[in-house]
Amino acid sequence: MIKEKTQGEVSSQGSQLLEERPFAYGMHIYKFVWIFLIGCVAGYVVEMLWGYVQMGHFESRQGLIYGPFSPVYGFGAVLFTLLMWWLRKASGVTIFVISAVGGALFEFFCSFFQEVVFGTLSWEYSHSPFNLAGRTNLKYAVYWGILGFVFIRHTLPWVSRQIEKIPKKVGVPLTNVVIVLLALDILLSAAAVKQWSNRQQHAAESGVISTFLDTHYPDERMEKIYPNMKLAEDHREESEKKKAESESKESASHAQTKGND
């Protein structure tokens, strides 16, 4: 006679299975925290190296005041994971196209959000061809497509395995500490950027918090941390100048070509 399992036995076995699972197994919220953190650091490194290649020297590419973090890449990594994980076995072309479109829309949203909330911009592409309201363009959409393909097919599976190797007794409290510290860093950075923007527009608020921000995060420090961040109007004026210079050079080149003919 087969003995039926009691509800307590089934519940006990279920709990045992959960305990046997590795840390942050599957699409656990803790895994997303680490994916965000790793994306922030990796994005910072990529931006620093890209800046060095373009300018010949290193320049700050921090997205937060404290730490080598670029949250745009962190949120992008989380977005790609949520959007593409279920399509990881799809064709390379499908992954590339969805990553390109999703990445471009994400970049557009980040730019729009930054301007609406803080009145600033960190990038402006009005002077480049095939741009969308100056917030993103075709070139960077292609970069997002390549990045998304590499991330989903190669980077994410490896990163996921490494995260799950963290012992639970260490991983759970450590992740909670990371969540608190990142949240504080994000809130403080947002407040400092908002106050800096208000100062630039001569609309700085007064009060204990504002005085603290003015004292500890003056213009000089903020400009050193965020050298590419400017008021939206200033960024657009600079972009228009670049566009005018480019058109002028192109016009002069055409005129010279015709003269030689």
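The first residue in the sequence is number 1, and the count goes up from there.
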Using only atom types and a distance under 3.5 Å, with no angle test, would you say the side chain of His216 pairs donor to acceptor with the backbone of Phe212? yes
For the student: nearest non-hydrogen atoms of Glu124 and His127, plus distance: O-CE1, 3.4 Å
Pairwise distance SG(Cys40) to CD1(Ile35) - rounded to 0.5 angstrom: 12.0 Å
Between Leu231 and Trp196, the two heavy atoms sitting closest are N-CH2, 4.5 Å
Under the criterion side chain to side chain contact (heavy atoms under 4.5 Å, CB included), I'd like the reasoning laid out for Arg21 against His28: C-alpha separation, chi angles, the key distance, then a yes or no. CA-CA 11 Å; Arg21 285 183 173 181; His28 194 281; over 6 Å; no
Using 30° and 60° as the class boundaries, would you call the ring planes of Phe80 and Trp144 parallel, tilted or perpendicular? tilted
How are the rings of Trp123 and Tyr125 set to each other: parallel, tilted or perpendicular (split at 30° and 60°)? parallel
Flag the pair Phe112 / Phe109 as yes when their ring centroid distance falls below 6.0 Å, and as no otherwise. no
Derivation of the side chain to side chain contact (heavy atoms under 4.5 Å, CB included) call for Ser70 and Arg61: CA-CA 7 Å; Ser70 180; Arg61 287 295 184 268; over 6 Å; no
Can you confirm whether Tyr25 is buried at OH, in the sense that more than 12 heavy atoms of other residues, nucleotides or ligands lie under 6.0 Å from that atom? no
Backbone N or O of Val193 within a donor-acceptor pair of the Ser197 side chain at under 3.5 Å? no
Atom CH2 of Trp85: over 12 foreign heavy atoms under 6.0 Å: yes
Minimum-distance pair of heavy atoms, taken over all atoms of Ala190 and Phe118: O-CE2, 3.3 Å
Evaluate Leu49 against Val53 for side chain to side chain contact (heavy atoms under 4.5 Å, CB included), listing each step before the verdict. CA-CA 6 Å; Leu49 293 176; Val53 170; 5.6 Å; no
Checking the side chain of Thr136 only, and the main-chain atoms of Phe108 only, is there a donor and an acceptor separated by less than 3.5 Å? no
Are Tyr52 and Phe58, when compared by the centres of their aromatic rings, separated by less than 6.0 Å? yes
Straight-line distance of Leu87 CG to Ile98 CD1, nearest 0.5 Å: 5.0 Å
For the backbone of Asp185 and the side chain of Ser189, can you confirm whether one donor and one acceptor N or O come within less than 3.5 Å of each other? yes
Got a donor-acceptor contact below 3.5 angstrom from the Ser111 side chain to the Glu107 backbone? no
Residue among Tyr30, Phe69, Phe75 satisfying ring-ring contact (aromatic ring centres under 6.0 Å, His included) with Phe36: Phe75
Hey, could you give me the CD1/CG distance between Ile163 and Leu37, rounded to the nearest 0.5 Å? 9.0 Å
Smallest heavy-atom separation, Lys194 atom then Val117 atom, equals NZ-O, 2.9 Å
Phe23 versus Val172, closest heavy-atom pair with distance: CE1-N, 3.6 Å
At their closest point, which heavy atom of Gln62 faces which heavy atom of Tyr66, and how far apart are they? NE2-N, 4.3 Å
Would Gln114 and Ser122 count as a side chain to side chain contact (heavy atoms under 4.5 Å, CB included) here? Give the steps. CA-CA 8 Å; Gln114 181 180 353; Ser122 293; 3.0 Å; yes
Could you check whether atom CD1 of Ile209 has more than 12 heavy atoms from other residues, nucleotides or ligands sitting under 6.0 Å from it? no
